[in-house]
Amino acid sequence: MKDALGQPQSVLVLGGSSDIARATMRLLVASRCERAVLAGPHAGRLDEAAAELRALGCPAVDTVAFDATNIAPLDAFVEKSFAGGDIDLVLVATGMLGDQQADEHDPIAAAQVISTNFTGPAATLLAIAARMRAQGHGRLVVLSSVAGERVRRSNFIYGSAKSGLDGFCQGLAASLAGSGVRLTVVRPGFVKTRMTDGMQPPPKPFTASADDVAVAIVRALGRNAGTVWVPAHLRWIMAVLRHLPTPVFRKLPG
Ligand SMILES: NC(=O)c1ccc[n+]([C@@H]2O[C@H](COP(=O)([O-])OP(=O)(O)OC[C@H]3O[C@@H](n4cnc5c(N)ncnc54)[C@H](OP(=O)(O)O)[C@@H]3O)[C@@H](O)[C@H]2O)c1
């Protein structure tokens, strides 16, 4: 259960090795998160993230195998993840950018990007939401992206997958009204992480660090916010970009 200050004490992370997830977990452990379940496809990376949380003082840290592109073992995955009892917060940080230029000519690779960013997390969220409904409380925080707000030619495979996940989460959030379970969608812009390693960042006011996103997530938990933009001013920039006429939008850089 959440503590007296409303901070989650048990957290499940899909994409437990993600830089953004790790930064968020460091903050949550500092505010007394007592149990973490880290899920992802690479055991070595999960073990590294788990060791960091134990060193920071989290008393119980488990790792569970999770591959968003193969959700056949979904029931077993949910059982294992909740084996230690109720989970207060599920953070969904699963994602991959892919190689847009190459993937446009490789439908199987494109499907991998779409299932990692959309279909895998969405189906898993359904199973987790059902579990949280049954326990009668909980919070879902899902990493979407500004890339899904208006999909660009330069990354339309990743962007459309994020757009799908974002829309799915808005519908799921509405379906959870009155259940005791709430969902927050987080829409970061460019974040300097392993995912964007080697990419040219946009100018400073449009670039965030994993720590910036973590702070925004923890703040959102306190505020019960439904949607979070990081940096916050992206909300207004995207409101304009979203309504630009298509010929003008297509001429924008990036
Ligand atoms: N970085 C950005 O600019 C940015 C901007 C907006 C939104 N986001 C979103 O924020 C989230 C976290 O990203 P990040 O920047 O922290 O990147 P990251 O460090 O690369 O994290 C990506 C995570 O996804 C996991 N993953 C990859 N393929 C998977 C699969 N098939 N099944 C399950 N998990 C899989 C990775 O696990 P392994 O480590 O085992 O591969 C890793 O934990 C993602 O959803 C991303 O789309 C990022």
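Counting convention: from 1, in listed order, for ligands and their atoms alike.
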Asks: Between Asp166 and Arg187 (salt bridge meaning N to carboxylate O under 4.0 Å), is one present in this structure?
Replies: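 Yes, this pair counts.
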Asks: Is the shortest side-chain heavy-atom distance between Val37 and Val13 below 4.5 Å?
Replies: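 Val37 vs Val13: side chains apart.
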Asks: Applying ring pair (Phe, Tyr, Trp, His ring centres under 6.0 Å), which residue pairs with at least one partner in residues 169-219 are found, sequence neighbours left out?
Replies: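 Of all non-adjacent pairs touching residues 169-219, those that pass ring pair (Phe, Tyr, Trp, His ring centres under 6.0 Å) are Phe206-His233.
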Asks: Give a yes or no answer on whether the side chain of Asp103 reaches the backbone of Asp99 with a donor-acceptor pair at less than 3.5 Å.
Replies: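 Side chain of Asp103 to backbone of Asp99, a donor-acceptor pair under 3.5 Å: yes, one is there.
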Asks: Report the nearest protein non-hydrogen atom to atom 17 (O) of ligand 1: residue, atom name, distance rounded to 0.1 Å.
Replies: Met195 CB, 3.4 Å
Asks: Once you restrict to heavy atoms under 4.0 Å, what part of Lys192 touches ligand 1? Side chain, backbone, both or neither.
Replies: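 Lys192 to ligand 1: no contact under 4.0 Å from either part.
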Asks: What part of Ala21, side chain, backbone, both or neither, has a heavy atom within less than 4.0 angstrom of ligand 1?
Replies: neither
Asks: Can you tell me the protein heavy atom closest to atom 40 (O) of ligand 1 and the distance?
Replies: His42 ND1, 2.6 Å
Asks: Of all the non-hydrogen atoms in the protein, which one sits nearest to atom 47 (O) of ligand 1, and at what distance?
Replies: Tyr158 OH, 2.7 Å
Asks: Give the residue, atom name and distance (to 0.1 Å) of the protein heavy atom nearest atom 11 (C) of ligand 1.
Replies: Ala93 O, 3.4 Å
Asks: Quick check for you: to the nearest 0.5 Å, what is the distance between Leu27 atom CG and Asp211 atom CG?
Replies: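 Separation between the atoms: 7.0 Å.
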Asks: How about Asp86 and His137: do any of their side-chain heavy atoms sit closer than 4.5 Å?
Replies: yes
Asks: With a heavy-atom distance limit of 4.0 Å, tell me whether Phe66 approaches ligand 1 through its side chain, its backbone, both, or neither.
Replies: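 For Phe66, the contact with ligand 1 is made by both the backbone and the side chain.
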Asks: Which atoms from ligand 1 have a heavy atom of Phe190 less than 4.0 Å away?
Replies: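 It comes down to these atoms of ligand 1: 3 (O).
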Asks: Got Leu165 and Pro121 here, is their nearest side-chain heavy-atom distance under 4.5 Å?
Replies: yes
Asks: Just list the side-chain donor-acceptor pairs under 3.5 Å for residues 191-198, sequence neighbours left out, or say none.
Replies:
| unit_1 | atom_1 | unit_2 | atom_2 | d |
| --- | --- | --- | --- | --- |
| Thr193 | OG1 | Met195 | N | 3.1 |
| Arg194 | NH2 | Ser17 | O | 3.4 |
| Thr196 | OG1 | Val191 | O | 2.6 |
| Thr196 | OG1 | Thr193 | N | 3.1 |
| Thr196 | OG1 | Thr193 | O | 3.2 |

Asks: Mind checking whether Gln112 has a heavy atom under 4.0 Å from ligand 1?
Replies: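 It does not; every heavy atom stays at 4.0 Å or beyond.
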Asks: Using a 4.0 Å cutoff against the non-hydrogen atoms of Arg194, which atoms of ligand 1 qualify?
Replies: 19 (O), 39 (O), 42 (C)
Asks: Starting from atom 28 (N) of ligand 1, which protein heavy atom do you reach first, and at what distance in Å?
Replies: Thr116 CG2, 3.5 Å
Asks: Starting from atom 43 (O) of ligand 1, locate the nearest protein heavy atom and write down its residue, its atom name and how far away it is, to 0.1 Å.
Replies: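 For atom 43 (O) of ligand 1, the nearest protein heavy atom comes out as Ser17 OG, 2.8 Å.
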Asks: In the protein, which heavy atom is nearest to atom 31 (N) of ligand 1, and how far is it?
Replies: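 Here the closest protein heavy atom is Asp67 OD1, 3.0 Å.
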Asks: Applying the side-chain contact (heavy atoms from CB on, under 4.5 Å) criterion to Val61, which one of Val11, Leu38, Leu56, Leu46 satisfies it?
Replies: Leu38
Asks: How about Met25 and Cys33: do any of their side-chain heavy atoms sit closer than 4.5 Å?
Replies: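 Answer yes - side chains close enough.
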Asks: Would you mind finding which of Ala43, Ala68, Ala39 brings a heavy atom closest to atom 32 (N) of ligand 1?
Replies: Ala68
Asks: Just checking Leu252: does its CG atom have more than 12 heavy atoms from other residues, nucleotides or ligands closer to it than 6.0 angstrom?
Replies: yes
Asks: A side-chain contact here means heavy atoms from C-beta on lying under 4.5 Å apart; do Ser81 and Val78 qualify?
Replies: no
Asks: At a non-hydrogen distance cut-off of under 4.0 Å, which region of Arg45 contacts ligand 1 (side chain, backbone, both, or neither)?
Replies: side chain
Asks: Starting from the C-alpha separation in whole Å, work towards a yes-or-no answer on salt bridge (charged side-chain N to carboxylate O under 4.0 Å, His left out) for Glu48 and Arg22.
Replies: CA-CA 10 Å; Glu48 197 187 301; Arg22 289 182 65 169; 3.2 Å; yes
Asks: Determine whether the side chain, the backbone, both or neither of Thr196 has a heavy atom under 4.0 Å from any heavy atom of ligand 1.
Replies: side chain
Asks: May I ask whether Gly40 has any heavy atom positioned less than 4.0 angstrom from an atom of ligand 1?
Replies: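 Flag not set, Gly40 not near ligand 1.
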Asks: Under 3.5 Å between any N/O of Ile20 and any N/O of ligand 1: does that happen in this structure?
Replies: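 Min N/O separation from ligand 1 is below 3.5 Å for Ile20.
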Asks: Identify, by atom number and element, the atoms of ligand 1 in contact range of Pro188, meaning under 4.0 Å from any of its heavy atoms.
Replies: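 In order of numbering, the contacting atoms are 6 (C), 7 (C).
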Asks: Go through ligand 1 atom by atom and flag the ones less than 4.0 Å from a non-hydrogen atom of Gly15.
Replies: 43 (O)
Asks: Distance to 0.1 Å, residue and atom name: give those for the protein heavy atom nearest to atom 14 (P) of ligand 1.
Replies: Thr193 OG1, 3.7 Å
Asks: Within the structure, is a non-hydrogen atom of Ser144 found at a distance of less than 4.0 Å from ligand 1?
Replies: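 The answer is yes, since Ser144 has a heavy atom less than 4.0 Å from ligand 1.
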Asks: With side chain to side chain contact (heavy atoms under 4.5 Å, CB included) as the criterion, how do Leu143 and Leu91 come out once you've worked through the C-alpha distance, each side chain's angles and the decisive distance to 0.1 Å?
Replies: CA-CA 8 Å; Leu143 267 305; Leu91 175 62; 3.8 Å; yes
Asks: Should one rank Pro201, Ser18, Gly95 by closest heavy-atom distance to atom 18 (P) of ligand 1, which comes out on top?
Replies: Ser18
Asks: Examine the proximity of ligand 1 to Val191 and report which part, side chain or backbone, both or neither, has a heavy atom under 4.0 Å away.
Replies: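 For Val191, backbone and side-chain atoms both sit under 4.0 Å from ligand 1.
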Asks: Lys162 heavy atoms, cut-off 4.0 Å: which ligand 1 atoms fall inside?
Replies: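 Answer for ligand 1: 44 (C), 45 (O), 46 (C), 47 (O).
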Asks: In ligand 1, which numbered atoms sit nearer than 4.0 Å to a non-hydrogen atom of Ser145?
Replies: 6 (C), 7 (C)
Asks: Walk me through whether Glu52 and Arg26 qualify under side chain to side chain contact (heavy atoms under 4.5 Å, CB included).
Replies: CA-CA 8 Å; Glu52 179 182 42; Arg26 285 194 289 273; 3.0 Å; yes
